[in-house]
Amino acid sequence: MANPLTTLLLVALLSLSAAAATRTKLQPTNNVDGGICKSLVETQGYACEEHKVTTADGYVLGLQRIPAGRSSNKTAAKLPVLLQHGLLMDASAWLLNEPDKALAFILADKGFDVWLANARGTESSRGHTSLSPNDPAYWDWSWDELTAYDLPAAFQYVNNQTGQKLHYVGHSLGTLTALAAFSQEKLLNLLRSAALLSPIAYLGQISPFGRTAADIFLAQVNRLLDFICTRPGIDCSNFLSVTTGPNCCLSSSSIDALFKHTPQTTSTKNALHLFQMVRKGTIEMYDYGLSITNMQHYRQPTPPVYNMANIPKDVPLFLSYGGRDPLSNVFDVNLLLDNLKDHDKDKLVVQFREDYAHMDFIMAMNANQVVYDPLLSFFRLH
């Protein structure tokens, strides 16, 4: 069961990021020197392309493409792989370590055509066909829209550019959106396989005290950070370990790189949606709170449910989770696995890392051996 203090500080982080979404001026992080390609990829000796794709609801998303490794043939036929980051992050999440330890570079060097997605609201994806990020309407979305619009737009764009079905890797929130889409039998015609690191589906086991924290968030976010940082045992200078668990294997250089590019901005509505999941212990669409409002959006008084048991049994899935992860909680992952109990045995690989917390899966110095090597073996089978 998660440490309740972890949940409290996560609430604070979400509050800060969501609050930024309502400011008339958004403060950029540090991807300003020509974008992710120039600041993080080309500096390591890799070719990189910046792409744009427009979603069906008008958001203009940035994608980065690493078409080849440092020594591989750019023109040779390669299988595409799409990487989707987690909450409060962007595509830089896959590029924080040295090339032999960062998943995006490893995939490129292993012969894959690597595509990096950036969710709406992040620095690379703040465009819109008619709205400005200064408009409140721009931020009227939750992860429902990431599932319904962002992910399909990225999948279709990569497919159009390469002519091939793609492998997918998601971390944290990037797993929730994929699972939700798969449960509706969406994207499957474009998918080869999916690897889900720190899978997020259920959040109900985050602890009763954590659910109380969600109630506090929903009722009053403005003074929450000050309250949390005065609690005994809370060191607000160490957000990473408190919010994401005692990560085992991060280097100081990768942590420094992380905080140059995070936190990225999300919407208040997205934060509210996640804390609805904590309170209810369900995976369902955003709850507008009133039956009449839900009726207007869904034609039913309660939000529709994403039923994980509806994920087709033949979808190749690789799930990797950690014993020290307070966000992808072991109890909640087991509930997800129970929903997948009838999945074809040769299509489901489950890996448990007792010593891993949330950020280890994208930043650990040994992830290349203990997580990415099995992931690559899984991709080669599909």
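As the structure is a computational prediction, the values presented were derived from the model and not from experiment.
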Practice task
State whether D360 and R353 are salt-bridged, where the test is any N-O pair (Lys NZ or Arg NE/NH1/NH2 against Asp/Glu carboxylate O) under 4.0 Å.
Solution key: no
Exercise for the section: Considering only NZ, NE, NH1 and NH2 on the basic side and carboxylate oxygens on the acidic side, decide whether R120 and D150 come within less than 4.0 Å. Expected result: yes
What class does the angle between the rings of [X] and [Y] fall in, given that below 30° is parallel, 30 to 60° is tilted and above 60° is perpendicular?
{"X": "H171", "Y": "H358", "value": "tilted"}
{"X": "Y356", "Y": "F361", "value": "perpendicular"}
{"X": "F112", "Y": "H167", "value": "perpendicular"}
{"X": "Y138", "Y": "Y59", "value": "tilted"}

Would you say that [X] contacts [Y] through its side chain, given a criterion of any heavy-atom pair below 4.5 Å between the two side chains?
{"X": "M285", "Y": "Q276", "answer": "no"}
{"X": "I36", "Y": "D90", "answer": "yes"}
{"X": "L196", "Y": "L179", "answer": "yes"}

Practice task
May I ask you to check whether D325 and S198 show a side-chain donor-acceptor distance below 3.5 Å?
Solution key: yes
Problem - More than 12 heavy atoms from other groups under 6.0 Å of NZ on K347 - result: yes
Exercise for the section: Please check if atom CZ in R380 has more than 12 non-hydrogen atoms from other residues, nucleotides or ligands closer than 6.0 Å. Expected result: yes
Problem - Shared hydrophobic cluster for M365 and V371 (ILVMFWY, side-chain gaps under 4.5 Å) - result: no
Handout entry: Cluster overlap L131 with L146, hydrophobic side-chain contacts below 4.5 Å
Key = yes
Problem - From Y149, Y286, Y306, residue fulfilling ring-ring contact (aromatic ring centres under 6.0 Å, His included) relative to W143 - result: Y306
Problem - Intermediate values then yes/no, side-chain hydrogen bond (donor to acceptor under 3.5 Å, both in side chains), H273 and S142 - result: CA-CA 6 Å; H273 193 178; S142 79; 2.9 Å; yes
Problem - Residue among E123, R126, Q64, Q84 satisfying side-chain hydrogen bond (donor to acceptor under 3.5 Å, both in side chains) with N118 - result: Q64
